[in-house]
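Beneath this line is the structure, given in structure tokens, with notes to follow.
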Amino acid sequence: MDLDPELLPVLSGRRELVAWLVLGFLVAFLATRFVTHAIRTGRGPFRDASVGGVHVHHEVYGIFLLLGTGTAEFAWRPDGAGGALLAVLFGTGAALTLDEFALWLHLEDVYWSREGRSSVDAVLIALVVGLMLLIGANPFDADATRGEGFLALTLLVHVAAALVAVLKGRVVLGVVGVFVPFVALVAALRLARPGSPWARRRYPEGSARRARSLRRFPPGRRNRWDALVDLFAAVPRPAPTAAR
């Protein structure tokens, strides 16, 4: 089957940098999960890093990479290979940092706990954003709109709908809705999940809306997103030495 080149995104200019960023992000995330699984199971030469007996989490390297590449971009603004290198390094830093999102959310080392699944959620959502930018769905591109005023109004509506969708527990649709018209709006109008901030505040106990929400999203219900998170959030058995 032949693909029409016009249907494929043209990787040039800003989109080329986004491609390098997404590639660096994806490779770094996969490599990080591979290394952390190997450390936990005691396989390979990998070991936890520590300084003065203090365990150094890999988000620390990610934060320094983000600070360094961000500073270099503002001070240097390179083109060509230099810009591509900064994009890869920035994507790598973002992956290392978001892979421990649960740690800086809970202020605890919950990497291998159920709470640690939120790190994978954050990484996959960031990857969705990167892919949306890669295919050209850029809500901040004033050149593709009718002017800055129309852009600001459209973005305001999308962000407001996306915020409601996120508060209703529909995070992925909310994020996608910032880039794709009406997706967030549809998600914002639909029923909130029982455990979401929206439901806790606006669906009181015994109300018809809470009953509908519980029927729609019963405890233990899983969806395709959960199955995707399972691919990376599965907790391996610790190495025997770690158990001792």
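- Taking Tyr111 as the reference, His58 meet the ring pair (Phe, Tyr, Trp, His ring centres under 6.0 Å) condition, with sequence neighbours excluded.
- Val35 is linked by a side chain to side chain contact (heavy atoms under 4.5 Å, CB included) to Ile39, Phe46, counting only residues two or more places apart in sequence or in another chain.
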Can I get a per-line list of side-chain donor-acceptor pairs under 3.5 Å for residues 64-72, giving both atom names and the distance, sequence neighbours left out?
from	atom 1	to	atom 2	distance (Å)
Thr69	OG1	Leu65	O	2.7
Thr69	OG1	Leu66	O	3.3
Thr71	OG1	Leu67	O	2.8

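- Its side chain within the 4.5 Å cluster rule, Trp76 clusters with Leu86 among the Ile, Leu, Val, Met, Phe, Trp and Tyr residues.
- Considering only residues two or more places apart in sequence or on other chains, Val176 meets the side chain to side chain contact (heavy atoms under 4.5 Å, CB included) condition with Val128, Met132, Val172, Val180, Val183.
- The side chain to side chain donor-acceptor pair (under 3.5 Å) analysis of residues 121-130, with sequence neighbours excluded, yields the pairs Asp121-Trp225.
- Applying the side chain to side chain contact (heavy atoms under 4.5 Å, CB included) test to Leu127 and every residue at least two apart in sequence or in another chain returns Val22, Phe25, Leu26, Leu131.
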Under 3.5 Å, sequence neighbours excluded: what are the donor-acceptor pairs made by side chains of residues 190-199?
from	atom 1	to	atom 2	distance (Å)
Arg193	NE	Gly169	O	2.9
Ser196	OG	Leu167	O	3.4
Ser196	OG	Arg193	O	2.7
Ser196	OG	Ala199	N	3.3

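- Residues passing the ring pair (Phe, Tyr, Trp, His ring centres under 6.0 Å) test with Phe101 are Trp104, sequence neighbours excluded.
- Grouping Ile, Leu, Val, Met, Phe, Trp and Tyr residues whose side-chain heavy atoms lie under 4.5 Å apart, directly or via other members, places Trp20 in a hydrophobic cluster with Leu23, Val27, Val88.
- For Asp48, the salt bridge (Lys or Arg N to Asp or Glu O under 4.0 Å) test picks out no residue, with sequence neighbours left out.
- In terms of the side chain to side chain contact (heavy atoms under 4.5 Å, CB included) criterion, residue partners of Val110 (sequence neighbours excluded) are, by chain and number, Ala102, His106, Glu108, Ser113, Glu115.
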